[in-house]
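What follows is a single structure, written as structure tokens, with notes after it.
On a predicted model such as this, the values are computed, not experimentally measured, just so you know. Numbering of ligands and ligand atoms starts at 1, following listing order.
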Amino acid sequence: MGIKVIFDTDPGIDDAFALFYTLSHPEIEVIGITTVFGNVPIDISTENAYILKEKSESNTPVFKGASKPLLRPNGNFPYFIHGDDGLGNINHARPKNIKENIEASDFIIDSAYRYPGEINIIAIGPLTNIANVINKDPKIWKIIKSITIMGGSWFAGGNISPVAEANIYNDPEAADIVFKSKIPITMIGLDVTHKVFLTNSNIKSLASFKNNSGKFLKDISSFYVKFYKVTKNMNGCYFHDATAAIAFTNPEFFDFKKGKVFVSQDSLTRGQTVVFESKKFHETIIEDNRQNINIANKVQSKKVIKKFLEIAENYMK
Ligand code: BDR
Ligand code: CA
């Protein structure tokens, strides 16, 4: 029995790294994997969650969630980053034992009541499932312990538009509902995830460990790494989602500031996270009882990578 986590994801290659890390971490008990559209449509994202569950030899149940943003139609899916299948186009076998009975947001609500005050959510895709939880049960904040979000940007600009990070852009209305909720939130945005690189030599080390997971992660990451080579001349990749998972287990690797986060829903700046830092003078601020959240603004990236490799070597299957 470890720290209880619900893992909300849109796998996605960097999602796979984060999920393997969290599932194998000795102090964490992932009680459910909930899926959301994002890197790929929901049916593929859910199938990928099953593939990852099988490959990591986990028994954690998977729950299918939102197929589209709360109020908007789906946009384009980034097949050029994660592959047509979202997991690097390496001809994965179809997963066995697909069992879908409860919808993702209902699973989260049921779990919160089953374990009041104990559930931590790690959310590394668009925030639609979490917004659905809050919309269905506005008082749920009283019994959810925390949410760690990979998403947003304070001073780092955007990665899907000049100002927006992809997860927030993909459902800005949902993200704003989440940032407005009273659940304790930690935002791990591009200010820190653009400082954490998994290098090609780190990926080689992963594949040398005495387990299958490291080799699997290496195989799926070839496509992702190629994207970073071609578009940014990088020898490796950003480690967005795993950085959020590691911020949950090891917040001491990060510096945080407090602020209120608002999400732009305008067409020009859609998905921009506008941060009003706590205790700073601001000429204008929207008063809607929004809470300050923790926003990561610095990271000791070497420690993040070292921690990932340590968990991979010692605990992944
Ligand atoms: C985020 O967007 C997705 O493509 C990644 O999986 C990550 O969650 C980075 O902006
Ligand atoms: Ca993701």
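- Under the 4.0 Å criterion applied to side-chain N and carboxylate O atoms, D171 and K68 are not assigned as salt-bridge partners.
- The only option from V62, T60, L19 that meets the side-chain contact (heavy atoms from CB on, under 4.5 Å) definition with L52 turns out to be L19.
- For the pair R290 and F262, the cation sits on the ring face: its NZ or CZ lies under 6.0 Å from the ring centre, inside 45° of the axis.
- Residue A166 approaches ligand 1 through these ligand atoms, each under 4.0 Å from one of its heavy atoms: 2 (O), 10 (O).
- With distances taken over non-hydrogen atoms, the option nearest atom 1 (C) of ligand 1 out of E165, H82, H240, H194 is E165.
- The only option from N129, D43, T46 that meets the side chain to side chain donor-acceptor pair (under 3.5 Å) definition with T35 turns out to be T46.
- Minimum-distance N/O/S atom of D241 relative to the Ca ion (ligand 2): OD2.
- When each of F17, F209, Y21 is tested with L217 by the rule side-chain contact (heavy atoms from CB on, under 4.5 Å), just one qualifies, namely F17.
- Note on D14: not counted as a metal contact of the Ca ion (ligand 2), no N/O/S atom lying under 3.0 Å.
- Note on R94 versus E54: no salt bridge recorded, every NZ/NE/NH1/NH2 to OD/OE distance being 4.0 Å or above.
- Using a 4.0 Å cut-off to heavy atoms of D15, the atoms of ligand 1 that qualify are 6 (O).
- Taking any N or O of L190, backbone or side chain, none lies under 3.5 Å from an N or O belonging to ligand 1.
- Here the N, O or S atom of D10 that is nearest to the Ca ion (ligand 2) is OD1.
- Here the protein heavy atom with the shortest distance to atom 6 (O) of ligand 1 is D14 OD1, 2.6 Å.
- If you look at N159 next to ligand 1, the close heavy atoms, those under 4.0 Å, all belong to the side chain.
- When only non-hydrogen protein atoms are considered, atom 3 (C) of ligand 1 lies nearest to N39 OD1, 3.2 Å.
- Using a 30° and 60° split on the angle between ring planes, F216 and F20 fall in the parallel class, below 30°.
- In the vicinity of M150, heavy-atom distances shorter than 4.0 Å reach the ligand 1 atoms 1 (C), 7 (C), 8 (O), 9 (C).
- Taking 3.0 Å as the threshold, I124 counts as a candidate ligand of the Ca ion (ligand 2), since one of its N, O or S atoms lies below it.
- Comment: K260 does not engage E277 in a salt bridge, judged by the lack of any side-chain N to carboxylate O separation of less than 4.0 angstrom.
- In this structure, atom 8 (O) of ligand 1 lies nearest to the protein heavy atom D241 OD1, 2.6 Å.
- Aromatic ring pairs are classed by plane angle as parallel below 30°, tilted from 30° to 60° and perpendicular above 60°; the pair F63 and F107 is parallel.
- For atom 2 (O) of ligand 1, the closest non-hydrogen atom on the protein side is N167 OD1, 3.4 Å.
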